[in-house]
Amino acid sequence: MPLLSRRHFLEGLMAMGAASILPSWYKSAQAKTAGILSGTEFILTIAETPVNFTGSARIATTVNGSIPAPTLHWREGDMVTLTVVNQLKETTSIHWHGIILPYDMDGAPGVSFNGIPPGSSFTYRFKVQQCGTYWYHSHSGMQEQTGLYGAIVITPAQESLQADQDYVIQLSDWTDENPLAVFAKLKTQSDYYNFNQPTAVDFIQEARKNGLSAAFEQHKMWNEMRMSMTDLADISAYTYTYLLNGMTASGNWTGLFKRGERVRLRFINSGAQTFFDVRIPGLPMTIVHADGQAVEPVTVDEFRIGLAETFDVIVTPEHDAYTIFAQSMDRSGFVCGTLATRTGIKAGIPALDKPEPLTMTDMMGHGTATAHHAKTEYGAGVDMRVDNPRTNLDDPGIGLRDNGRRVLAYADLRSASGIITDHRPPERDIELHLTGNMERYSWSIDGVEFSESTPIHFRYGERLRVIFVNDTMMAHPMHLHGMWSDLENAEGEVQVRKHVVVVQPAQRVSFRVTADAKGYWPWHCHLFYHMHGGMFRVVVVA
């Protein structure tokens with residue numbers, strides 16, 4: 001049975017009540033959907049809970065028994081106290097993603113604290129200094145992949161953006177496999193989950209289009225580089241089931257509205273390894289916040305949301321039902337939900353787009369910028385280097401170019417007035433290269449895996465420029481804990497404030513950082529298995 005058909009078949013069984021064949025203890029213990037917790041004092045209990053997304057019973061890591069974890073509602077300016085109780089048999093943690101706080105409240109074991117041992121608790125306490133849409137997740141072991149993530153909604157001290165309805169749309173990916181087994185398979189064969197490999201039929205079609213000689217030369221070139229033009233994602237729907245607010249596509253999460261209302265949708269990518277391309281067919285989306293920070297409104301039909309990014313959009317629906325459609329970047333699967341005037345009605349679900357192969361520009365750049373490679377890049381851990389990376393922030397990315405829809409690119413994002421307050425020119429530049437070896441499934445920064453690395457030092461109070469050059473064939477969402485990343489355009493002008501910066505293949509991006517937070521801070525790729533594979537550093541601000 002084809003992959004997608006099999007998955008839809010299993011989901012359909014669940015929708016029709018196949019869960020009734022499960023034992024009573026399992027049904028009574030099933031994880032519930034996320035609730036909402038408001039106020040200034042919270043108790044969050046981390047435990048194991050049975051789940052079933054595919055027709056097979058599995059154990060998830062939950063907060064207060066739900067996937068996603070409860071949505072936390074805070075208010076700007078409040079002091080919040082969060083007691084985390086660990087009922088697991090292993091150490092756990094919670095990292096408050098994108099939240100500005102003291103480093104010892106950040107929640108990164110081995111960097112900012114020791115973690116929360118089994119059978120114990122830890123109390124986080126900090127002042128809320130910002131507003132917008134954020135999220136939280138475990139920074140311990142494989143727990144983020146097994147369900148430990150939730151949304152944070154922070155109400156501003158003075159609300160200026162009005163909406164009649166307000167919904168969190170939290171996207172994620174689930175696997176029935178043990179995440180350690182997934183990681184082991186990737187280490188053994190990096191394309192284990194890639195079913196978009198070129199076939200003989202593809203070669204014939206390419207030869208008809210471009211000529212036999214050109215088709216042969218292109219395939220010869222890729223083979224010599226030991227890389228695949230279809231390697232868009234490490235993990236596909238072969239093992240992943242995609243979720244929207246903890247529900248599969250057949251579960252059909254539904255948000256209600258009245259015609260003509262302004263509806264705010266807070267999109268969060270809590271996936272471990274999946275870039276999602278999001279659209280609502282027939283309904284334009286006006287993006288008003290990026291990574292929790294207000295931006296000048298920009299209206300699009302579609303946007304790509306990288307791992308750990310958040311986008312708030314405003315829509316004004318005029319019909320009875322619309323489909324919220326989020327497909328994986330490799331086009332192997334999707335998840336969807338519904339906006340509707342009443343429960344029980346749906347709109348049509350679009351077909352998956354055809355996957356687009358990587359181009360040589362995606363691989364080698366051929367831009368006007370010049371890269372400066374560290375000596376550590378010339379080793380067995382690095383299988384390619386880009387000498388002339390591209391700097392085009394107006395590129396929405398592979399699979400979204402010239403698709404006939406208005407697609408968001410970083411060049412469209414500009415922080416609203418007053419968001420960026422430090423206008424000092426950078427005192428110094430730091431250039432770092434995102435590196436890896438696909439055959440070894442080894443990931444690193446400047447060719448050095450985390451286990452062999454030394455900390456990066458920022459001087460307290462300085463304004464500096466960070467330059468990332470992506471020497472790999474995959475996009476990397478880079479997250480610096482504790483400080484903002486003020487993305488620059490190719491001319492070096494600050495454009496938008498973010499806490500995650502996606503660096504596309506063979507691309508150079510730069511951003512400014514104000515080192516205003518003393519302490520020890522993680523800096524890593526938010527692709528879960530890339531982080532575990534070594535693309536991680538510690539920043540010391542002193």
Side-chain angles (χ1 to χ4, degrees), residues 4-22 26-28 30-36 50-56 60 65-71 150-151 153 163-174 237 240-268 270 276-286 301-302 312-328 333-352:
L4 291 177
S5 298
R6 177 180 179 274
R7 187 168 304 286
H8 289 163
F9 172 73
L10 291 172
E11 291 175 354
L13 286 179
M14 292 303 299
M16 291 186 291
S20 62
I21 65 175
L22 296 171
Y26 178 85
K27 289 183 287 182
S28 64
Q30 275 281 283
K32 55 182 181 286
T33 55
I36 297 175
V51 297
N52 192 321
F53 295 116
T54 66
S56 298
S66 73
I67 289 184
T71 297
V153 175
D164 300 297
Q165 304 292 341
D166 193 321
Y167 294 112
V168 168
I169 308 294
Q170 193 156 20
L171 304 169
S172 58
D173 43 35
W174 169 268
Y240 270 156
T241 297
Y242 304 114
L243 306 178
L244 189 159
N245 291 346
M247 297 184 183
T248 63
S250 64
N252 191 37
W253 176 90
T254 301
L256 299 179
F257 66 88
K258 295 178 182 178
R259 288 191 182 190
E261 284 188 326
R262 283 168 54 88
V263 181
R264 182 173 185 168
L265 303 175
R266 301 172 183 264
F267 287 92
I268 304 169
S270 298
F276 289 99
D277 294 336
V278 178
R279 68 185 192 268
I280 307 176
L283 188 60
M285 300 176 289
T286 300
D301 299 316
E302 186 170 18
D312 289 23
V313 310
I314 297 291
V315 296
T316 307
E318 298 290 346
H319 301 294
D320 284 344
Y322 297 86
T323 296
I324 301 172
F325 184 74
Q327 60 182 333
S328 60
F334 71 92
V335 68
C336 60
T338 298
L339 291 176
T341 54
R342 62 187 186 277
T343 57
I345 61 174
K346 298 181 181 180
I349 299 175
L352 287 166

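Excluded from the calculations below are hydrogen atoms, water molecules and symmetry mates; all remaining heavy atoms, backbone and side chain alike, are included. We're numbering straight along the sequence, starting at 1.
- Taking every heavy atom of both residues into account, Cys336 and Leu244 meet most closely at C-CD1, 3.9 Å.
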Can you give the donor-acceptor pairs under 3.5 Å from side chains of residues 165-172 to other protein atoms, not counting sequence neighbours?
unit_1	atom_1	unit_2	atom_2	d
Gln165	NE2	Glu261	OE1	3.3
Asp166	OD1	Arg266	NE	2.8
Asp166	OD2	Arg266	NE	3.4
Asp166	OD2	Arg266	NH2	3.0
Tyr167	OH	Leu256	N	2.9
Tyr167	OH	Leu256	O	2.6
Gln170	NE2	Ser270	OG	2.8
Ser172	OG	Tyr149	OH	2.8

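- Between Arg279 and Ala351, the shortest heavy-atom contact is NH2-O, 4.2 Å.
- The two residues Ala163 and Ile314 come nearest to each other via the heavy atoms CB-CD1, 4.4 Å.
- Smallest separation of non-hydrogen atoms from Pro317 and Leu283: CA-CD1, 3.7 Å.
- A salt bridge between Arg264 and Asp164 is absent, with no side-chain N of the basic residue lying under 4.0 Å from a carboxylate O of the acidic one.
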side-chain contact (heavy atoms from CB on, under 4.5 Å) between Thr71 and Val153, worked out: CA-CA 7 Å; Thr71 297; Val153 175; 4.1 Å; yes

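- Side-chain contact between Thr316 and Val263 is absent, with no heavy-atom pair separated by less than 4.5 Å.
- Residues Phe334 and Tyr242 place their aromatic rings such that the two centres sit no closer than 6.0 Å.
- The shortest distance between side-chain heavy atoms of Met285 and Asp301 does not fall below 4.5 Å.
- Counting heavy atoms from C-beta outward, Thr286 and Val315 have side chains that stay 4.5 Å or more apart.
- You'll find the side chain of Phe325 reaches within 4.5 Å of the side chain of Leu352, heavy atoms only.
- Looking at every heavy atom in both residues, Ala34 comes nearest to Ala69 through CB-O, 3.3 Å.
- In this structure, the side chains of Lys346 and Thr323 stay at 4.5 Å or more apart for every pair of heavy atoms.
- Between Val51 and Ile67 there is a side-chain heavy-atom pair separated by less than 4.5 Å.
- Proximity of Ile324 to Thr338: side-chain heavy atoms (C-beta onward) are nowhere separated by under 4.5 Å.
- Within 6.0 Å of CZ in Arg342 there are 12 or fewer heavy atoms belonging to other residues, nucleotides or ligands.
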Assess whether side-chain contact (heavy atoms from CB on, under 4.5 Å) is satisfied between Asp173 and Thr241, documenting all intermediate values. CA-CA 6 Å; Asp173 43 35; Thr241 297; over 6 Å; no

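- Side-chain atoms of Phe267 and Val278, non-hydrogen and from C-beta on, do get closer than 4.5 Å to each other.
- Summarising the geometry of Phe257 relative to Leu339, their closest heavy-atom pair is CE2-C, 3.4 Å, with the distance given to 0.1 Å.
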